[in-house]
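Everything on this sheet refers to the single structure shown next.
We use all heavy atoms of the structure for the numbers below, so side chains are in, but hydrogens, waters and symmetry mates are not. Chain naming here is simple, since letters A, B, ... match the order of the sequence lines and numbering starts at 1 in each.
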Amino acid sequence: MKEKLSDLLKAVIDDLFDRGDLIPEIVKTKSEVHGDWSTNIAMILAKELQENPKELAKKIISSLPDKKWIEKVELAGPGFINFFLTNLANLNYLKDLVKSEGSFYPFQEKTKKNILIEYVSSNPTGPLHVGHGRGAALGSSLSNLLKKSGNDVLQEYYVNDQGLQTKILADSVHKKYLEKFKIDTSKINDANFYKGEYIDELATKIKNRENDTYIELKDEKKFIDLIIKEMMKNIKMTLEEFKVNFDSFYSESSLYKELGSNQNKIQKVLKDLEKEYSFKNEGAIWFKSTQFGDDKDRVLIRSDDKETYFLSDIAYHKDKFDRGYDEIINIWGSDHHGYLPRIIASIKALKLKSEKLKTFFIQFVSLVKKGQKTSMSTRAGDFVTLDELIEEVGVDAARFFYLAKKSDQALDFDMDLAISEDKNNPVYYIQYAFARICSLEKELKERKMNFNIKDGINNLDLLNKKSELEIISFLENYKIIIEQCNKNYEVHPICFYLRDLASKFHSYYNSEIIIDDEENKRNAKFTLLLAVKKTIKSGMDVLMIETPEKM
RNA sequence: CUCCUGGUAGCUCAGCUGGAUAGAGCAUCUGCCUUCUAAGCAGAGGGUCGCAGGUUCGAAUCCUGCCCAGGAGGCCA
């Protein structure tokens, strides 16, 4: 409908003002006194043409061709043009929705994009915690959204299996491992070792499986690889449980592999940068990132000749660009925001198109229980790992609560609310709406009545109560929300929309007998409910949250 | 000190790419189950959109300054 109105207006504006390039903004009205759709185009033009907006609006309105689907057009307020459509026209969206085969999704991108999205990428030095969960939920749902909209999406996890932290991890496990053989480890300085229970568990596991093979570390690299592999195994299990499916795990250490001609991806990128944008100072090699807007220059090779994490990350980003994506999305924890300028600087220095890179930041998560924020420390009783959170509140609630808030805002995760099984909990509230519709369909069958969609579609005009017209109109908002989400790379509006839709349904359910004695009306009502059901399913599918048929 | 995020109802948050009377939910108060799931619904009260300026026909939304909260500023990752 929006498109039809937009085309209509565009033609008129081109005619009157020779401004066919102007795309009029058409919005759904908030109040019915303003009609169904509205545009502020007259006020926009007024500014440009230095004319009275009301006069312009009048001119536009009188030039609009008569259409049978438009009931009336009104000039309102300072120059709004409000469109009132016929009830029949307002049913078009609903009809298309109901007729759609299988699952429903209202939006397709005009030009398909090839997108790489990287998220979670937590260091394999510990299990995923509740902070990672937020990135996991957002990244997977966003990927899903973009995919459904017709893009090719590759989801990638960057594994930091290289460098100091991995060595500390391996040493931490090794110490515990030695202790299993009653070997004296008191001389080992474990001040910065990882301490969690998982370290001990891993040591036990390795002892049980490999026996005393690693008491003497002849091949440290092999031991580190083994540890990382085990850590990643657990992380992958958690992700799978959380419905997060990566297409690719990109290992940092693979960047160090020789490509032939005695060079790896890191050395190659270093060479590129050294040509113009590097200098030596105090034994280290620096990148002149200040030339590209960074606050200070950054070290690429430390004075002990080791590569910095930054350098390998440049190589990683270069590789992402080389793989030929139209868009490269990073979802990072907000504590990395200061890191972005130097990455952008490196991309520019390598003469790559930095606009392709979109980085989104996720703010911190704190858990709230009985009104108290629980600290993120590993103290007993605190829920710190994602596994524990899932066990406590379930996958559905966890995903919803993560997703229901703008990601660049700090999240207070209300555990008690997430567990509650009543209308206070939006997840249950939405799922309950879906289950209620399913239950009605079941009840209909039990009463030996069947639902005839064709008949329902033909009798939709019988739905003329205020509550019915409101739902019919609101269904179309879903399409607008989905479009907006694609444009802004966000999913939280879907959560809010689904809650509102569920609310409108529950209200309708309470005010109307759905299983109407009158057959035509009954079919029309069930057609409307089918549309609600399909829309809830569609939204929940994007979020990857279950919609049980019975609760 | 510099740079990011944010500050909207008692609480948790939408709205922020400028538009019509600022929206939800929770909590509070009042009603609704012999009727398709009360895991629900209807109604009421509740606001200097942090503060002060500016831009304009119009500002919660954009700009500037200030206040408050959280975060970031390693040859760590």
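Searching all strands for a Watson-Crick or G-U wobble partner of B:A42 with both distances below 3.5 Å returns B:U30.
Among the heavy atoms of the strands lying under 4.0 Å from A:Glu512 is at least one base atom, whether or not backbone atoms are also near. Using a 4.0 Å heavy-atom cutoff across all strands shown, A:Phe361 reaches no nucleic acid atom at all. Using a 4.0 Å heavy-atom cutoff across all strands shown, A:Ser31 reaches at least one base atom of the nucleic acid. Across all strands, A:Glu282 comes closer than 4.0 Å to base atoms (heavy-atom distances). Note on A:Asn192: nothing from the nucleic acid sits closer than 4.0 angstrom, heavy atoms only. Within 4.0 Å of A:His492, counting heavy atoms only, lie sugar-phosphate atoms of the nucleic acid but no base atom. Counting non-hydrogen atoms under 4.0 angstrom, A:Asn488 reaches a base of the nucleic acid. Within 4.0 Å of A:Asn281, counting heavy atoms only, lies at least one base atom of the nucleic acid. Using a 4.0 Å heavy-atom cutoff across all strands shown, A:Tyr429 reaches sugar-phosphate atoms only and no base atom.
With respect to the salt-bridge test (charged N to carboxylate O, under 4.0 angstrom), the residues A:Glu392 and A:Lys369 qualify. Under a 4.0 Å N-O distance rule, the pair A:Asp225/A:Lys229 does not qualify as a salt bridge. For A:Arg298 and A:Asp294, the salt-bridge test passes: some basic side-chain N is under 4.0 Å from an acidic carboxylate O.
For residues 434-443 of chain A, proximity to RNA chain B is found at A:Ala435, A:Arg436, A:Ser439, A:Leu440, A:Glu443, defined as any non-hydrogen atom under 4.0 angstrom from a strand atom.
A donor-acceptor contact shorter than 3.5 Å is absent between the side chain of A:Asn40 and the backbone of A:Phe80. Between the side chain of A:Ser366 and the backbone N or O of A:Asp412 there is no donor-acceptor pair closer than 3.5 Å.
B:G65 sits 29 Å from B:C11 when the P atoms are compared, rounded to a whole Å. Taking the C1' atoms as reference points, B:A69 lies 26 Å from B:G74, given to the whole Å. Look at the C1' atom in both B:A59 and B:A72: the space between them is 31 Å, to the nearest Å. Between B:G23 and B:C16, the distance separating the two C1' atoms is 14 Å to the nearest Å. The same atom, P, is picked in B:C57 and in B:A14; the two are 32 Å apart, to the nearest Å. Nucleotides B:U48 and B:A9 have their P atoms positioned 8 Å apart, rounded to a whole Å. Taking the P atoms as reference points, B:U17 lies 41 Å from B:A39, given to the whole Å. Rounded to a whole angstrom, the distance from the C1' atom of B:A24 to that of B:C49 is 16 Å.
The base of B:A20 is paired with the side chain of A:Ser38 by a donor and an acceptor separated by under 3.5 Å. Donor-acceptor pairing under 3.5 Å, judged by distance alone, is present between the side chain of A:Asn40 and the base of B:G19. A donor-acceptor contact under 3.5 Å links the side chain of A:Lys47 to the base of B:G58.
Of the two residues contacting RNA chain B, namely A:Ser407 and A:Ser507, the nearest-nucleotide position lying further toward the 5' end is that of A:Ser407. Residues A:Arg298 and A:Tyr309 each lie close to RNA chain B; by heavy-atom proximity, the contact nearer the 5' end of the strand is made by A:Arg298.
Between the side chains of A:Ser346 and A:Tyr277, no donor-acceptor pair of N or O atoms lies under 3.5 Å. Residues A:Ser473 and A:Lys28 bring a donor and an acceptor atom of their side chains to less than 3.5 Å of each other.
Side-chain N/O atoms of A:Tyr508 include none lying less than 4.0 angstrom from OP1 or OP2 on B:A42. Proximity of A:Arg342 to the phosphate of B:G73: no side-chain N or O atom is located under 4.0 Å from OP1 or OP2.
In this structure, A:Tyr497 has its ring center under 6.0 Å from that of A:Phe474.
The side chain of A:Asn123 has B:A77 as its nearest neighbour among B:U17, B:A77, B:G25. Of the candidates B:C75, B:C26, B:C76, B:C26 carries the atom nearest the A:Asn424 side chain, counting heavy atoms from C-beta on. Among B:C36, B:C75, B:G73, the nucleotide with an atom closest to any side-chain atom of A:Ser303 is B:C75.
For the pair A:Met449 and A:Glu519, the minimum side-chain heavy-atom distance is 4.5 Å or more.
By the rule that a glycosidic angle within 90° of 0 means syn, B:C68 does not qualify and counts as anti.
Cation-pi contact between A:Lys280 and A:Trp286: absent, since separation from the ring centre below 6.0 Å together with deviation from the ring axis within 45° is not met.
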Which pairs of donor and acceptor atoms, one on a side chain in residues 357-365 of chain A, lie under 3.5 Å apart (sequence neighbours left out)?
residue: A:Gln363; atom: OE1; partner: A:Ser334; partner atom: OG; Å: 3.4

Contact letters for nucleotides 4-13 of chain B, in which S counts primed atoms plus P, OP1 and OP2 and B counts the base, heavy atoms under 4.0 Å: BSS------S
